[in-house]
Amino acid sequence: MKSEEAEKLIAEFEKGTLPKEKWTHHAHFVMALWYCYHLPLPVAVARIKDGIKQYNIAIGGVNTDDAGYHETITLFYIYAINHYIVHAIDKNNLDKLLADLNVQPFVAKDFPLQFYSNELLMSSRARKGWIHPDKFSFCFTL
């Protein structure tokens, strides 16, 4: 994906007009990378969290103990994405970061399960707030 396509995705995401079928696993990463690249990390975190919650509602979804926004997964991936940006050789080249995003190990859907048991990660407690890993700690440089 090129930066122009990512910018369009972000605009539709922010307006709540991104078609649900385009809100893919990869689109989540593009959105988070976009904000982490363009904004100071605390601002990016707030925009990502609020944006997901608002988008879920805009498309008729909910944010409950069992569905919608998931705090631990969101923060886990933000840490991974920020680490990726900070340590990238071409960290100032958004198109290169977007192009290389697909081959990053953290993009795999089961990547968090290297650190979390499925039971803990899928718990309502992890959905509502940050929970430290129970299998293996990680240290992403921020």
Side-chain angles (χ1 to χ4, degrees), residues 1-88 91-142:
M1 177 176 288
K2 295 282 190 188
S3 57
E4 297 83 18
E5 296 169 278
E7 188 172 1
K8 183 176 187 257
L9 182 142
I10 296 302
E12 291 178 348
F13 169 75
E14 288 178 346
K15 289 186 236 166
T17 59
L18 181 70
K20 187 175 181 178
E21 64 273 6
K22 289 189 177 183
W23 186 231
T24 62
H25 182 69
H26 182 70
H28 282 73
F29 285 98
V30 170
M31 176 272 299
L33 175 68
W34 179 269
Y35 287 122
C36 288
Y37 181 85
H38 285 97
L39 301 169
L41 188 59
V43 176
V45 170
R47 293 280 297 272
I48 292 164
K49 291 169 57 168
D50 292 343
I52 293 170
K53 292 172 191 174
Q54 291 171 7
Y55 178 77
N56 287 344
I57 292 167
I59 62 166
V62 295
N63 298 303
T64 67
D65 288 354
D66 302 314
Y69 178 77
H70 193 297
E71 179 82 357
T72 299
I73 291 174
T74 300
L75 292 177
F76 177 85
Y77 279 127
I78 290 171
Y79 289 131
I81 290 165
N82 191 67
H83 183 266
Y84 165 60
I85 294 168
V86 167
H87 294 283
K91 69 179 93 202
N92 295 320
N93 183 338
L94 181 57
D95 282 321
K96 179 77 169 136
L97 289 168
L98 287 165
D100 292 346
L101 185 60
N102 282 336
V103 297
Q104 300 309 308
F106 63 81
V107 174
K109 285 186 180 184
D110 63 350
F111 185 75
L113 295 175
Q114 294 177 39
F115 304 89
Y116 291 92
S117 65
N118 190 63
E119 181 181 8
L120 178 62
L121 192 59
M122 293 300 114
S123 70
S124 62
R125 199 174 67 148
R127 184 175 289 280
K128 293 192 296 188
W130 168 254
I131 300 292
H132 291 282
D134 62 340
K135 286 173 63 175
F136 183 75
S137 290
F138 63 88
C139 180
F140 295 123
T141 304
L142 298 177

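- How far CG of L9 is from CG of L18: 5.0 Å, rounded to the nearest 0.5 Å.
- To the nearest 0.5 Å, the span separating OH on Y84 from SG on C36 amounts to 12.0 Å.
- Using a 4.5 Å cut-off on side-chain heavy atoms (C-beta onward), I57 and V62 make no contact.
- Between F76 and F115, the gap from one ring centroid to the other is short of 6.0 Å.
- Summarising the local packing, CD of E119 is surrounded by 12 or fewer heavy atoms from other residues, nucleotides or ligands at distances under 6.0 Å.
- Counting only heavy atoms from C-beta outward, the side chains of H28 and T74 never approach each other to under 4.5 Å.
- Side chains of M31 and W23 form a contact here, defined as non-hydrogen atoms less than 4.5 Å apart.
- What you find for L101 and V107 is that their closest heavy atoms are O-CG2, 3.1 Å.
- Within 6.0 Å of NE2 on H38 lie more than 12 heavy atoms contributed by other residues, nucleotides or ligands.
- Within the structure, salt bridge (Lys or Arg N to Asp or Glu O under 4.0 Å) pairs that include any residue of residues 92-112 comprise K96-D100 (at least two apart or interchain).
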| task | For side chain to side chain contact (heavy atoms under 4.5 Å, CB included), just list the numbers for Y35 and V43, CA-CA rounded to whole Å, side-chain angles, deciding distance to a tenth of an Å, and then say yes or no. | result | CA-CA 8 Å; Y35 287 122; V43 176; over 6 Å; no

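- Ion pair E12/K8 flagged as a salt bridge, since at least one NZ, NE, NH1 or NH2 atom sits closer than 4.0 Å to an Asp/Glu carboxylate oxygen.
- Aromatic ring centres of W130 and Y79 lie closer together than 6.0 Å.
- From H70, atom NE2 reaches atom CG of L121 across 4.5 Å, with rounding to the nearest 0.5 Å.
- R47 has a carboxylate O that lies under 4.0 Å from a charged side-chain N of E14, or vice versa, which qualifies the two as a salt bridge.
- Using modelled atom types, one side-chain atom of K135 and one backbone atom of L113 make a donor-acceptor pair closer than 3.5 Å.
- The CG atom of L33 sits 5.5 Å away from the CG atom of L97 when rounded to the nearest 0.5 Å.
- Between Y77 and F29, the distance from one ring center to the other falls under 6.0 angstrom.
- Of all the heavy atoms in P105 and F111, the pair that sits closest is O-CD1, 3.5 Å.
- Under the 6.0 Å distance and 45° angle rule, K53 counts as a cation-pi partner of Y69.
- In this structure, the separation between CG on N63 and CD1 on I52 is 9.5 Å, given to the nearest 0.5 Å.
- The two residues T72 and G129 come nearest to each other via the heavy atoms OG1-O, 2.8 Å.
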| request: Kindly indicate, with the supporting measurements, whether the criterion side chain to side chain contact (heavy atoms under 4.5 Å, CB included) is fulfilled by I131 and R125. | output: CA-CA 8 Å; I131 300 292; R125 199 174 67 148; 3.6 Å; yes

